[in-house]
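Quick notes on the structure that follows.
Chain letters run A, B, ... following the sequence lines, proteins first, then strands; residues in each count from 1. Predicted, not measured: the structure shown is a model, and the values here were computed from it.
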Protein chains: 2
Amino acid sequence: MRKGEETRTRILDVAEAAVLQKGFGGTSIEELIAETGITKSGFFYHFRDKNALAKALLERYIENDERIYDEIFSRARELADDPLQSFLLGLKLLAELLSDLPNGHPGCLVATVCYYERLFDRDIQETNKQAVLAWRRRFRGMFEEIMVVYTPREPIEIDQLADMVSTVLEGGIVLSKALKEPQGLADQVLVLRSFVKLLFQPPIVRQ
Amino acid sequence: MRKGEETRTRILDVAEAAVLQKGFGGTSIEELIAETGITKSGFFYHFRDKNALAKALLERYIENDERIYDEIFSRARELADDPLQSFLLGLKLLAELLSDLPNGHPGCLVATVCYYERLFDRDIQETNKQAVLAWRRRFRGMFEEIMVVYTPREPIEIDQLADMVSTVLEGGIVLSKALKEPQGLADQVLVLRSFVKLLFQPPIVRQ
DNA sequence: CGAAAACCGTACCGGCGGTACAGGGGATCT
DNA sequence: AGATCCCCTGTACCGCCGGTACGGTTTTCG
């Protein structure tokens with residue numbers, strides 16, 4: 001039980017790093033077992049096939065992702081009473097966290113999966129979809145609280161605004177990976193922060 | 001000569017669709033030659049190996065991408081004199097174009113490549129990087145023109161602002177693919193449009 | 001007509017995903 | 001102390017795929 005879980009985790013760790021660098025199709029099971037120090041039989045004891053590995057990988061990634069967002073934005077909530085200030089602070093904390101990643105963001109498994117749709121069954125695609133919808137609900141909730149206090153200075157759909165946060169994160173990851181500029185992702189989050197600030201903060205009226 | 005080009009193009013067409021759905025690793029040469037109606041020898045006559053195919057695919061994609069941006073934003077330039085209005089119109093035209101894609105955006109090869117870094121040589125990665133830098137230069141140029149006339153209402157790095165356009169496109173593609181909501185991408189572009197509008201347009205001063 | 005371009009056919013190699021199945025060591029329960 | 005799981009190892013095998021090699025053939029163009 002204990003040992004099994006540990007081996008399983010080790011496989012997932014190795015697999016996650018490999019998949020984010022080479023994609024699912026580019027990652028061979030043989031290289032995973034070589035790096036994990038396990039045999040092929042051992043691998044198939046833990047995962048029925050590559051699809052099962054992908055599913056476990058994705059679910060673990062999403063769970064961890066949610067945990068990080070929970071931590072960041074609940075901390076931001078503690079530090080600021082105003083919902084807008086709290087959200088802006090959350091984005092700042094997120095940018096700091098992303099900025100502190102030594103080799104930049106390793107990549108998002110949700111993005112990887114969506115660029116591999118035809119390779120996996122509907123189950124995985126549905127899991128992926130639900131993850132994005134969970135992001136939407138999370139940020140939508142925050143914007144709803146903000147809109148109780150503030151009026152947006154441009155007409156905007158709240159779901160689309162919520163999705164913008166995920167969009168900037170996913171897009172920022174792509175750009176910073178392609179450019180090999182790890183800092184780029186955090187910068188893009190801060191640009192989004194400026195936009196949200198502009199959207200809700202009342203204009204400075206000249207007297 | 002003529003026929004060769006045509007066959008090559010057909011291979012690239014088939015390969016592009018396959019790669020965007022299953023990634024490079026998930027796309028087999030055998031399936032490409034089956035669908036193209038060519039033999040394996042024929043394939044390797046046109047492309048030395050999978051890497052060469054990837055490079056040709058990426059270069060063609062980038063070229064086409066640039067052409068589309070050229071068209072859209074030069075048309076927007078004709079229709080509006082003011083650089084801000086022209087840019088905002090360009091984003092609207094882009095959103096319309098994305099909205100009209102029957103099955104949604106098929107996916108961006110630049111994103112695919114950046115999630116496959118370890119599978120390709122430095123040459124391809126450099127090509128990819130240059131493509132993103134070209135986007136940056138394009139949009140930076142537009143924002144520079146805007147800033148001659150307008151002052152941003154929030155302090156912002158112009159390169160980061162330029163990258164925001166690419167970020168939203170890449171991120172929007174990921175989200176709309178994951179959610180299977182083709183409209184999502186165009187919506188995100190329009191949210192970006194609202195943000196840019198807010199950033200540069202002077203606030204409506206209440207009297 | 002001749003030469004180059006654009007393929008086809010065949011044979012082969014090693015790697016990989018996946019299956020099957022037999023067995024073994026170690027912890028745990030009875 | 002013995003039985004029973006869990007957690008693997010070892011071996012053998014299959015078919016697909018990327019890639020190489022190379023000889024031959026058709027098509028196209030000058």
Side-chain angles (χ1 to χ4, degrees), chain A residues 1-58 60 109 112-113 115-121 123-124, chain B residues 1-58 60 112-113 116-121 123-124:
Chain A
M1 286 206 187
R2 247 297 154 58
K3 185 115 182 289
E5 279 303 309
E6 191 208 308
T7 305
R8 197 184 140 94
T9 302
R10 235 168 59 236
I11 296 173
L12 287 174
D13 287 341
V14 172
E16 184 168 323
V19 166
L20 287 175
Q21 286 188 342
K22 296 174 290 188
F24 279 104
T27 302
S28 72
I29 292 181
E30 311 242 342
E31 83 178 87
L32 296 182
I33 66 178
E35 198 164 339
T36 316
I38 207 178
T39 62
K40 206 182 225 185
S41 312
F43 176 87
F44 283 105
Y45 171 79
H46 287 286
F47 304 99
R48 197 165 33 81
D49 53 20
K50 225 181 176 184
N51 212 329
L53 173 69
K55 201 184 167 191
L57 221 48
L58 181 63
R60 196 182 71 145
L109 269 185
T112 307
V113 167
Y115 268 106
Y116 264 94
E117 29 171 350
R118 296 276 171 218
L119 230 62
F120 301 119
D121 50 34
D123 195 6
I124 289 189
Chain B
M1 286 196 187
R2 250 290 154 64
K3 182 116 182 291
E5 279 303 312
E6 191 209 307
T7 305
R8 199 184 138 95
T9 302
R10 236 169 56 237
I11 296 174
L12 288 174
D13 287 342
V14 172
E16 186 169 319
V19 166
L20 287 174
Q21 287 189 342
K22 296 175 290 188
F24 279 104
T27 302
S28 73
I29 293 179
E30 313 242 342
E31 83 177 88
L32 296 181
I33 66 178
E35 196 165 340
T36 315
I38 206 178
T39 63
K40 207 180 222 184
S41 313
F43 175 87
F44 284 106
Y45 172 78
H46 288 286
F47 305 99
R48 198 167 30 79
D49 52 19
K50 225 181 176 185
N51 212 330
L53 172 69
K55 202 186 168 190
L57 220 49
L58 180 62
R60 196 183 73 145
T112 306
V113 167
Y116 264 95
E117 30 173 351
R118 299 272 170 223
L119 229 62
F120 301 117
D121 50 34
D123 196 4
I124 290 190

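Distances shown here put a side-chain N or O of B:Tyr45 below 4.0 Å from the OP1 or OP2 atom of C:dA6. Look at A:Thr7 and you'll find a side-chain N or O under 4.0 angstrom from OP1 or OP2 of D:dC8. The side chain of A:His46 contributes an N or O atom lying less than 4.0 Å from OP1 or OP2 of D:dC8.
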Counting only pairs under 3.5 Å, give me each side-chain donor-acceptor contact of residues 32-39 of chain B, with atom names and distances, residues two or more places apart or in other chains.
residue, atom, partner, partner atom, Å
B:Thr36, OG1, B:Leu32, O, 2.5
B:Thr39, OG1, B:Gly42, N, 3.2

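Distances from the side chain of A:Thr39 to the nucleotides C:dC8, D:dT9, C:dG18 place D:dT9 closest.
Counting atom types as modelled, A:Ser41 pairs a side-chain N or O with a base atom of D:dG10 as donor and acceptor under 3.5 Å. No donor-acceptor contact under 3.5 Å links the side chain of A:Lys40 to the base of D:dG10.
Nucleic acid contact class of B:Ser28 (heavy atoms, under 4.0 Å, all strands): sugar-phosphate only.
Between B:Glu31 and B:Ala18, the shortest heavy-atom distance links the atoms OE2-CB, 4.3 Å.
Atom CD1 of B:Ile29 is separated from atom C1' of C:dG15 by 14 Å (rounded to the nearest Å). Between the CZ atom of B:Phe47 and the P atom of D:dG19 there is a distance of 13 Å, rounded to whole Å. Spacing between atom CZ of B:Phe120 and atom P of D:dG18 amounts to 12 Å, rounded to whole angstrom units. Taking atom CZ of B:Phe24 as the reference point, atom C1' of D:dC17 lies 17 Å away to the nearest angstrom. Atom-to-atom, CZ of B:Phe44 to C1' of C:dT10 comes out at 15 Å; the value is rounded to the nearest Å. Separating the CZ atom of B:Arg48 from the P atom of D:dG18 is a distance of 16 Å, rounded to the nearest angstrom. Put simply, CD on A:Glu30 is 14 Å from C1' on D:dC17, counting in whole angstrom units. Taking atom CD1 on B:Ile38 and atom C1' on D:dT25, their separation rounds to 15 Å, with Å as the unit.
Taking A:Phe44 as the reference, A:Ile29, A:Lys40 meet the side chain to side chain contact (heavy atoms under 4.5 Å, CB included) condition, with sequence neighbours excluded.
We find that B:Asp13 and B:Arg60 are joined by a salt bridge, their nearest charged nitrogen and carboxylate oxygen being less than 4.0 Å apart.
With contacts defined as side-chain heavy-atom distances shorter than 4.5 Å, the pair A:Leu57/A:Phe24 qualifies.
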